[in-house]
K.L.:
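First, the structure itself, so that you have it in front of you.
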Amino acid sequence: MAQAKPVHIVWHRAELRTHDHPALNHALELAKADGGVVVPVVIIDDAIFSRSDLTPRRQAHFLENVRALRESYRSLGANLVVRRGDVVKELEMLVREVGHVASAHVVSTYTPYAKKRDEKARKMLAEHKVEWHAHGGQYTHEPGEVLTNEGKRYGVFGAYRKKWVTLDKPDIVEAPEKMAPLPTKINVGDIPRVESDIVLPEAGEDAALGRLEWFLKNGEKTYEKTRDEPGREDSTSRLSYYFNIGALSPRLAYYQSKNEKWRAELTWWDFYADVMERCPESATQEFRAKWLGFPWRDGHDKASKADLEKWKNAETGYPLVDAGMRELNQTGFMQNRVRMVCASFLCKHLLIDWRVGEEIFRGLLLCGDRNQNVGNWQWVAGCGVDPSPYFRIFNPTSQGKKFDSNGDYVRRWIPELKDVPAKSIYEPWKMRDKPKGYPTEPIIGLEEGRDRFAETARQFLREKRDEAKRDEK
DNA sequence: TCCCTATTCGA
DNA sequence: CGAATAGGG
């Protein structure tokens with residue numbers, strides 16, 4: 001009887017692509033050397049799929065990209081195995097089913113859950129004599145790679161970025177041109193469908209690569225300026241939801257881009273992953289100790305709950321905030337500058353806990369990545385890694401006038417304001433004939449909200465400082 | 001990746 | 001008297 005071919009498993013998690021995929025590449029090399037076959041697999045993780053932040057739209061987005069990945073593999077001559085359940089158990093069942101598994105390959109992710117999961121999988125595979133290979137690839141520089149001259153992690157983005165640019169970047173690995181078919185005895189499995197509440201962007205690596213090309217052609221050259229203009233379609237790359245599920249390699253984006261400002265955005269992706277890997281408790285706690293215990297309103301009591309609902313439902317009466325929240329609700333995306341304005345409005349003017357906003361954004365954004373989302377919310381709230389003065393309070397009116405002066409963005413998302421002229425578009429409450437269907441009064445006065453936050457912060461930080469002094473003595 | 005106010009500057 | 005700029009929160 002002929003000896004069965006060795007099998008090399010590629011376990012995809014959050015890198016749903018075949019291009020620049022070091023784990024796939026290595027598995028293919030091993031298969032070439034030992035005459036074996038590569039079996040790619042996605043296991044839909046019940047532990048992740050049952051989490052409340054994985055809303056139907058995000059489940060659907062993920063699953064459609066799994067479907068597209070299967071198509072990528074089919075066009076190479078192979079296929080993608082799809083399972084669902086407890087990931088380690090499913091992986092073990094697959095190993096038993098396939099037999100002769102020599103190695104398993106993954107691209108690493110670094111959340112506490114991911115690290116625990118991989119450790120369990122590695123141990124299980126060792127019992128079956130399967131070699132475990134963890135590769136980089138989800139980041140340009142993996143957590144822990146960018147270190148100070150003293151070998152420590154960076155605590156400020158500016159310094160991290162400075163070092164980041166000096167480091168040699170990993171080579172892109174070639175996408176395979178052809179693969180061997182999967183052993184016929186393997187049941188490839190169905191990919192479930194989940195109904196999304198919104199229209200999803202086109203799934204798959206081809207769509208992601210196409211989007212990158214589009215951005216490099218249209219938006220990149222003028223990125224420094226136009227990234228602040230939410231009214232423009234090409235204002236930002238809109239690649240975040242491809243990066244998040246790994247339909248696009250961040251390293252490829254780095255190599256193809258010429259714009260350092262945009263490359264700096266890619267650096268943030270690495271930086272916030274590095275921060276979270278080093279300090280996992282910052283997922284739910286203020287990174288800066290002096291902000292621990294800040295008296296945020298929590299969105300549970302009657303008054304703050306009412307405010308929170310208005311913010312969520314785009315009924316604050318501030319057109320830029322409401323337009324942003326509608327874009328988010330309706331598309332799973334929000335333009336970058338508007339994200340800052342909406343987030344700042346919640347934390348500062350409404351004094352509501354950044355964690356509350358973070359969770360809402362994470363569920364609604366297709367790119368809802370924990371590391372990035374937490375990092376950015378803490379940045380806005382002023383309690384994050386980067387030193388940020390508490391008085392950074394965005395004014396939704398002046399931001400609108402400055403960056404979307406004719407109001408195109410606002411009118412696109414708030415049809416009730418479609419006839420409002422540019423000079424009133426950010427202050428519709430001052431109009432004599434107020435637009436129908438839109439709040440006639442803002443939820444809170446800008447000065448009132450601003451002062452309340454500033455006063456609360458001043459007092460809190462003073463007490464905190466005095467406390468620290470007392471402890472010193 | 002800020003906001004506001006005071007002040008200066010040029011018309 | 002509006003635009004540009006500096007300083008401080």
Side-chain angles (χ1 to χ4, degrees), chain A residues 156-162 164 219-220 222-232 234-240 259-272 275 288 290-291 294 318 320-321 323-324 327 333-351 354 357-358 361 365 367 372-405 409 422-423 426-427 442 444-465:
Chain A
V156 199
F157 177 74
Y160 177 90
R161 162 84 184 147
K162 231 175 167 174
W164 189 92
E220 194 195 44
T222 53
Y223 184 66
E224 280 84 347
K225 181 171 176 298
T226 52
R227 76 202 199 108
D228 277 331
E229 298 171 13
R232 296 175 61 118
D234 58 1
S235 149
T236 59
S237 71
R238 294 169 180 259
L239 286 169
S240 54
N259 185 307
E260 285 306 323
K261 191 80 185 174
W262 191 63
R263 283 176 155 185
E265 300 302 313
L266 297 174
T267 312
W268 280 103
W269 175 257
D270 290 4
F271 178 62
Y272 279 143
V275 169
R288 287 194 179 261
K290 69 171 175 180
W291 284 91
F294 185 79
Y318 288 105
L320 190 58
V321 173
E327 183 183 23
F333 180 82
M334 195 196 303
Q335 202 273 347
N336 175 57
R337 175 149 294 271
V338 189
R339 288 188 199 195
M340 297 189 283
V341 173
C342 289
S344 161
F345 189 78
L346 185 77
C347 295
K348 307 286 167 82
H349 292 91
L350 298 183
L351 202 65
W354 61 270
E358 193 275 320
F361 264 38
L365 285 167
C367 60
Q372 304 305 312
N373 205 46
V374 164
N376 284 318
W377 271 88
Q378 290 209 32
W379 180 88
V380 167
C383 58
V385 262
D386 249 30
S388 44
Y390 71 84
F391 41 79
R392 179 157 58 202
I393 301 171
F394 288 73
N395 178 325
T397 301
S398 65
Q399 287 278 314
K401 286 178 182 166
K402 210 163 157 188
F403 298 114
D404 183 45
S405 53
Y409 177 81
K423 70 171 172 53
Y426 291 109
E427 291 165 308
I444 189 172
L446 289 182
E447 200 178 60
E448 188 189 344
R450 229 187 122 71
D451 289 351
R452 177 175 65 176
F453 179 83
E455 195 37 56
T456 310
R458 243 196 313 272
Q459 196 185 332
F460 174 77
L461 292 172
R462 196 191 310 129
E463 281 168 13
K464 199 87 180 178
R465 200 192 50 211

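Predicted, not measured: the structure shown is a model, and the values here were computed from it. Reminder, nothing fancy here: chain letters follow the sequence lines and each chain counts from 1.
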K.L.:
Within this structure, what is the CD-to-P distance between E447(A) and dT5(B), rounded to whole angstrom?
P.N.:
7 Å
K.L.:
Nearest whole Å is fine: how far is dC3(B) P from K348(A) NZ?
P.N.:
11 Å
K.L.:
Taking all heavy atoms of Y272(A) and all of G375(A), pick out the closest pair and write down the distance.
P.N.:
OH-O, 3.2 Å
K.L.:
Would R458(A) and E455(A) pass as an ion pair if we require N to O under 4.0 Å?
P.N.:
yes
K.L.:
Starting from P on dC2(B), measure out to CE on M340(A) and report it in whole angstrom.
P.N.:
7 Å
K.L.:
May I ask you to evaluate whether N395(A) reaches the phosphate of dC4(B), defined as a side-chain N or O under 4.0 Å from OP1 or OP2?
P.N.:
yes
K.L.:
Determine the contact category for E455(A): base if any of its heavy atoms lies under 4.0 Å from a base atom, sugar-phosphate if only primed atoms, P, OP1 or OP2 are that close, otherwise nothing.
P.N.:
nothing
K.L.:
Measuring to OP1 and OP2 of dT1(B), would you say a side-chain N or O of Q399(A) lies under 4.0 angstrom away?
P.N.:
no
K.L.:
With E229(A), which residues qualify under side chain to side chain contact (heavy atoms under 4.5 Å, CB included), at least two apart?
P.N.:
K225(A), T226(A), R232(A)
K.L.:
I need the minimum non-hydrogen distance between S240(A) and F333(A), along with the two atoms involved.
P.N.:
OG-CE1, 4.1 Å
K.L.:
Quick one: which protein N/O atoms are closer than 3.5 Å to N/O atoms of nucleotides 5-9 of chain C? Pair and distance per line, please.
P.N.:
unit_1	atom_1	unit_2	atom_2	d
dG9(C)	O3'	R458(A)	NH1	3.4

K.L.:
Indicate, with a heavy-atom threshold strictly under 4.0 Å, whether S344(A) touches base, sugar-phosphate, or nothing.
P.N.:
nothing
K.L.:
Side chains of C367(A) and N373(A): closer than 4.5 Å at any heavy-atom pair?
P.N.:
no
K.L.:
Could you tell me whether the side chain of R339(A) reaches within less than 4.5 Å of the side chain of N376(A), counting heavy atoms only?
P.N.:
no
K.L.:
With a non-hydrogen cut-off below 4.0 angstrom, is N336(A) in contact with a base, only sugar-phosphate, or nothing?
P.N.:
base
K.L.:
Rounded to whole angstrom units, what separation is found between the OH atom of Y426(A) and the P atom of dC3(B)?
P.N.:
13 Å
K.L.:
Please report the distance, rounded to the nearest Å, between NZ in K401(A) and C1' in dC2(B).
P.N.:
16 Å
